[in-house]
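Let me begin by presenting the structure, written as structure tokens, before commenting on it.
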Amino acid sequence: MFANRAALAATSEHKLVLDCLEAGIRAAHPQSVIERTVSVVDNTLHVGEREYDLDDYDRLLVLGGGNAAGHVAAALETCLSDRIDDGLVVTDDPVSLSRVSCVEGSHPIPDGSAVSGTAELLELASDATTDDLVLSIVTGGGSALLPAPAGTLTLSDVQAVTETLLRAGATIGEINTVRKHLSAIKGGRLAVAASPADVIGLVFSDVVGNDLGAVASGPVSPDPTTYGDAQAVFDRYTIEPPEPVVRHLKDGCQGGHPETPTEDHPAFASVDVHVLADNGTALESAAEVAHEHGYEPMILSSHVRGEASEIAKVHVGLAEEALAAKRPVEPPAVVLSGGEATVTVSGDGHGGPNQEFALSAALELDAAGVVVGAVDTDGIDGNTDAAGALVDAELLDDQESAQAGLAQNDVYPHLEAAEALLRSGPTGTNVNDLRVMVITST
Ligand SMILES: O=C(O)C(=O)CO
């Protein structure tokens, strides 16, 4: 999977980190997830523990979006073959599909092609009737890849808001509270459009804690947040959004636009949502690989969040404790963690949260026998062509310059010079960040 794997597998510890990362990503790939969780037996569709009688429906539609949506649709086409009648997904990782249209859009900043794809998707949803079953693919990246500017808002309003909030280091919950209130599809509005059809949400979660209202901004899930909450996000980060956005939110607060639908909206009576894969899927599979190699695996948490460079210091502290006091785990061990590292951008450099995590870890590490890898499981960390990086205590020749790079949010060049970048290209899935730390006593 990592194109430069051979160059990076310098020692057995480096190789183990790579094996764990690859196993985690593979376990969360739609092809293997759908194979494990969705099947059709005698015209009954099984999703997780639930069963749906396909004889009850005239048409089966597949609608959705996100980084992994094309691969999920492909896996559904394999599983449901000619039962799928129509559909459309918007993704930045397009695949060739036979029954479902695959529209390419851009991520993390939405583009015009995604806007027209999403408009077409909403039309298909609105045409659905009580005799239809909609399989709604909801995967990370869907917030950017399913843009439907509400009312008189334009794509450039939505682009500006997305860019500013990402740069400010707002949390995904905060960003999506805003996006849901500027959109005709997010925050449950796709479920409303598809009503009265039955809807099955198939979720690949890239959100810590799997908040269904946050994954891809919850197109088929109720939304408890309000226009007022969206305004409060801008206030919190002292951001002045474009004037049409200010007006839209103000009008919304005054009842000029409908609120996003809450749990008691009748549309949700015919919606079932299933989380098919999440960060835990990747962590558990990586832990199995560690165990198979004779290392004690410890899944620290799938809920780690915060500033990437600070999270790295906590991880290094944990490795030092394990080496010095054999706690909380005794080496040889593999500590695994997931969640979402963020970067508050103050410089103007090139990099991403997993690369900042890795470079910060490399700066902090002085113990031999510790190797650390971190990736965004979608294969694209930040605004770069790398998934993340693999580091150890000996990586950096010039610590001072690397430290300056970190301060400038310009970590990519340092990791590239040290030949530490992990390159996979788009992986076909997205279950958030995966970090692997191999700890061996020397
Ligand atoms: O990546 C996105 O689309 C989110 O908003 C979180 O899933």
Side-chain angles (χ1 to χ4, degrees), residues 28 30 63-72 89-93 103 105-111 114-115 117-118 121 136-148 158-159 161-183 185-190 201-221 223 225 229-230 233 260 273-282 302-303 305 338-343 352-354 376-383 426-434:
L63 302 175
N67 307 123
H71 293 273
V72 180
V89 292
V90 188
T91 181
D92 56 345
D93 186 6
V103 175
S106 73
H107 177 266
I109 306 298
D111 64 3
V115 171
T118 306
L121 185 157
S136 176
I137 300 172
V138 178
T139 83
S143 300
L145 289 158
L146 293 174
V158 174
Q159 287 172 326
V161 163
T162 310
E163 195 145 18
T164 321
L165 288 170
L166 284 172
R167 285 185 72 85
T171 66
I172 196 67
E174 290 169 331
I175 298 174
N176 288 354
T177 295
V178 172
R179 296 199 272 207
K180 285 189 273 195
H181 287 87
L182 307 178
S183 166
I185 190 168
K186 299 177 175 30
R189 294 192 202 270
L190 176 58
L202 305 175
V203 176
F204 281 60
S205 171
D206 68 332
V207 168
V208 173
N210 299 347
D211 173 359
L212 296 176
V215 183
S217 297
V220 293
S221 296
D223 180 32
T225 69
D229 295 331
V233 172
T260 46
V273 180
H274 303 264
V275 178
L276 302 185
D278 64 7
N279 197 246
T281 310
S302 61
H303 286 60
R305 56 205 179 268
E340 177 147 40
T342 44
V343 170
N354 288 284
D376 189 326
T377 53
D378 69 4
I380 299 155
D381 187 40
N383 56 358
T427 59
T429 192
N430 182 358
V431 289
N432 224 328
D433 298 336
L434 177 60

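The analysis underlying the following values was restricted to heavy atoms, covering all of them including side chains, and did not include hydrogens, waters or symmetry mates. Note that ligands are numbered from 1 as they come in the structure, with each ligand's atoms numbered from 1 the same way.
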Output the list of atoms in ligand 1 that are nearer than 4.0 Å to some heavy atom of [X], sorted by atom number.
{"X": "S143", "result": "2 (C), 3 (O), 4 (C), 5 (O)"}
{"X": "V207", "result": "6 (C), 7 (O)"}
{"X": "N176", "result": "4 (C), 5 (O)"}
{"X": "R179", "result": "5 (O)"}

Exercise. What pair of heavy atoms forms the shortest contact from P426 to I380, and how long is it?
Worked result: CG-CD1, 4.2 Å
For this session: Please report the shortest heavy-atom distance between S217 and S143, naming the atom on each side.
Result: OG-OG, 2.8 Å
For ligand 1, is there an N or O atom under 3.5 Å from any N or O atom of [X]?
{"X": "A216", "answer": "yes"}
{"X": "D206", "answer": "yes"}
{"X": "A144", "answer": "no"}
{"X": "I172", "answer": "no"}

Do we see a donor-acceptor contact under 3.5 Å between the side chains of [X] and [Y]?
{"X": "N354", "Y": "D376", "result": "no"}
{"X": "N279", "Y": "S302", "result": "no"}
{"X": "S205", "Y": "D278", "result": "no"}

Exercise. Nearest to atom 2 (C) of ligand 1, what protein heavy atom do you find, and at what distance?
Worked result: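 Going by distance alone, atom 2 (C) of ligand 1 is nearest to G141 N, 3.0 Å.
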Problem set entry | Any donor-acceptor N/O pair, K186 side chain to V178 backbone, under 3.5 Å |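 Pair absent, no side-chain N/O of K186 close to backbone of V178.
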For this session: Taking T177 for its side chain and T225 for its backbone only, find out whether a donor-acceptor pair lies under 3.5 Å.
Result: no
Exercise. Given that the side chain starts at C-beta and the backbone is N, CA, C, O, which of these parts of S205 lies under 4.0 Å from ligand 1, counting heavy atoms, or is it both or neither?
Worked result: neither
